[in-house]
Amino acid sequence: MTSDPEFKSDFLRLMQTRGYIHQITHPADLDAACLAGPIVAYIGFDATASSLHVGHLFSIMTLRRLQQSGHKPIVLMGGGTTKVGDPTDKDQQRPLLTDAQIQGNIDSIKTVFQRFLTFGDGPTDAVMVNNAEWLESFGYLQFLRDYGVHFTINRMLSFDSVKTRLDREQPMTFLEFNYMLMQSVDFLELERRYGCVLQMGGSDQWGNIVNGVELIRRVDQKPAFGLTTPLLSTASGQKMGKSVGGAVWLNADMRSPYDYWQFWRNTEDADVGRFMRLFTDLSLDEIARLEALEGAQINEAKKVLANAATSLLHGEEAAQAAEAAAVAAFEQGQLSTDLPSFEIPRGELEAGVVLAALAADAGLAASRGEARRLAQGGGLRVNDQAETDANRTLDASDLIDGVVKLAAGKKKIVLVRPV
RNA sequence: GGGGGAAUGUCCCGAGUGGCAAAGGGGGCGGACUGUAAAUCCGCUGGCGUACGCCUUCGUAGGUUCGAGUCCUACUUCCCCCA
């Protein structure tokens with residue numbers, strides 16, 4: 001929408017050249033504000049799961065770019081709003097989470113941000129805030145009188161998040177209908193507490209963000225801006241975030257650095273350059289050189305991408321270990337101790353384990369039945385030998401160098417280790 | 001307030017004469033081909049069991065029937081028409 005190429009501020013220039021911008025509410029004014037000095041901007045994250053996934057990485061990187069250009073990022077954890085549930089992009093009401101679940105999720109999510117942002121008390125240091133701080137203390141009447149007056153139902157009904165739900169003939173509760181009010185109040189609250197002037201988010205958040213911008217301009221007569229990032233999908237049109245092995249979680253205990261590295265390594269050719277611009281700090285010159293590679297050579301670029309992206313999240317050491325494991329497994333056909341492993345009591349293995357059960361337990365299949373089907377289709381391998389009979393039992397005689405190598409397909413590999 | 005329609009495999013869309021674990025897509029997973037890519041082709045896609053099999057599924061709750069996604073009743077939500 002905004003393709004204004006004449007940005008003068010470092011921040012918007014950086015955002016534009018690396019492909020982060022979809023829409024901006026008042027581009028020229030925002031540009032001027034960024035030029036005038038450090039601004040404060042925020043993105044909200046809901047605490048519906050115990051880890052963020054690759055889809056959120058887009059937003060996290062946006063905050064990183066903000067800080068890199070000398071501005072102050074706020075990470076807003078939706079401790080309060082999660083209790084309501086964002087109806088955007090959902091055709092059904094989400095199950096309501098308990099306080100304890102929400103707090104647990106927040107604690108777990110927190111750790112990831114520290115890898116991408118520098119937190120502290122300095123003028124451009126990042127801060128993390130929980131909107132439960134203010135949302136929980138509102139009385140119903142007070143909330144309605146202070147903020148309800150500034151929203152018309154007519155307007156609210158016209159927003160996509162509401163419209164799609166109605167179009168799909170799905171119920172939308174009053175609770176969810178209030179979500180956009182709460183998000184607007186968040187922005188206002190951050191403006192008052194931290195002088196925050198910009199809210200960013202995915203393009204699906206446009207409606208919610210615009211509401212907040214208007215609320216601030218109306219109530220406090222202060223400038224406020226919104227910026228959205230494009231919807232992230234792969235070049236072949238698929239929604240990004242899922243891959244071999246399910247959702248790409250950012251927390252290491254839910255998705256190993258090895259798997260994370262693999263996720264980036266498996267990027268489609270056409271996406272390599274774009275992803276490097278978005279998800280790594282590689283220089284634009286370097287990226288231009290790498291994405292120009294053709295044919296099989298582009299695999300080198302994919303490795304650079306995987307290393308850079310994994311380094312950001314899990315550290316350089318983990319990235320190198322993942323690469324080494326991958327090179328050993330794929331290019332040399334060797335085992336590496338860095339491959340994901342699954343531990344099994346030694347006695348159990350010596351007594352004999354049914355392959356289907358082991359494959360399911362080790363996470364290669366969702367159930368024994370699935371493991372059987374996988375085997376029948378020729379996708380299950382034991383020590384690199386395709387095994388069509390998932391009912392056979394494995395025992396100590398299957399150990400090679402102390403482990404059994406199980407693989408589902410070419411990319412999901414687990415070393416079964418007796419302990 | 002009255003009348004008519006709709007809800008299906010817990011990822012999505014969507015067929016379904018009373019015998020159905022339920023057509024067909026999409027998506028996902030696996031195989032072949034390749035470069036750990038894309039495109040294409042093939043297979044699989046509720047759980048448990050080695051297996052004849054057992055269990056759980058068609059908005060919710062009851063009922064009729066040897067047997068119900070399919071018929072009846074009530075309820076929930078949505079759409080359309082009349083007031």
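Every chain is numbered from 1 and lettered A, B, ... according to where its sequence line falls, protein lines coming before strand lines. Scope of the values below: all heavy atoms of this structure, side chains included, with no hydrogens, waters or symmetry mates.
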*asked:* Quick check on contacts: within residues 286-309 of chain A, what sits under 4.0 Å from RNA chain B by heavy-atom distance?
replied: A:Gly295, A:Ala296, A:Ile298, A:Asn299, A:Lys302

_Sequence neighbours excluded, every pair satisfying salt bridge (Lys or Arg N to Asp or Glu O under 4.0 Å) that has a member inside residues 133-154 of chain A_ = A:Lys83-A:Glu136, A:Glu133-A:Arg193

_Ignoring hydrogens and geometry beyond distance, is a side-chain donor-acceptor pair present between A:Gln199 and A:Gln205 at under 3.5 Å?_
no

*With sequence neighbours left out, write down each residue that passes side chain to side chain donor-acceptor pair (under 3.5 Å) with A:Asn299, or none if nothing qualifies.*
A:Arg265

Interface polar pairs with nucleotides 48-51 of chain B, N/O, under 3.5 angstrom:
from: B:C48; atom 1: OP1; to: A:Arg368; atom 2: N; distance (Å): 3.2
from: B:C48; atom 1: OP2; to: A:Ser367; atom 2: OG; distance (Å): 3.4
from: B:C48; atom 1: OP2; to: A:Gly369; atom 2: N; distance (Å): 3.1
from: B:G49; atom 1: OP1; to: A:Arg368; atom 2: NH1; distance (Å): 2.6
from: B:U50; atom 1: OP2; to: A:Arg372; atom 2: NH2; distance (Å): 3.3

_Set of residues satisfying side chain to side chain donor-acceptor pair (under 3.5 Å) with respect to A:Gln67, sequence neighbours excluded_ = none

*Sequence-distant partners of A:His26, side-chain contact (heavy atoms from CB on, under 4.5 Å), two or more places apart*: A:Asp29, A:Val213, A:Arg217, A:Phe225

*List in numerical order all residues of residues 313-320 of chain A for which some heavy atom is under 4.0 Å away from an atom belonging to RNA chain B.*
none

_Pairs involving residues 298-314 of chain A, ordered by first then second residue, that meet salt bridge (Lys or Arg N to Asp or Glu O under 4.0 Å) (sequence neighbours left out)_ = A:Asp269-A:Lys302, A:Glu300-A:Lys303, A:Lys303-A:Glu331

*Return each pair, listed once, that meets salt bridge (Lys or Arg N to Asp or Glu O under 4.0 Å) where at least one residue sits in residues 49-72 of chain A; pairs must be two or more places apart or across chains.*
A:Arg64-A:Asp281, A:Arg65-A:Asp281

*By side chain to side chain donor-acceptor pair (under 3.5 Å), which residues pair with A:Gln297, not counting sequence neighbours?*
none

*Pairs touching residues 370-380 of chain A that satisfy side chain to side chain donor-acceptor pair (under 3.5 Å), sequence neighbours left out*: A:Arg372-A:Asn391

Report, one line per pair, each donor and acceptor closer than 3.5 Å where one atom sits in a side chain of residues 313-323 of chain A; sequence neighbours left out.
from: A:Glu323; atom 1: OE1; to: A:Asn307; atom 2: ND2; distance (Å): 3.0

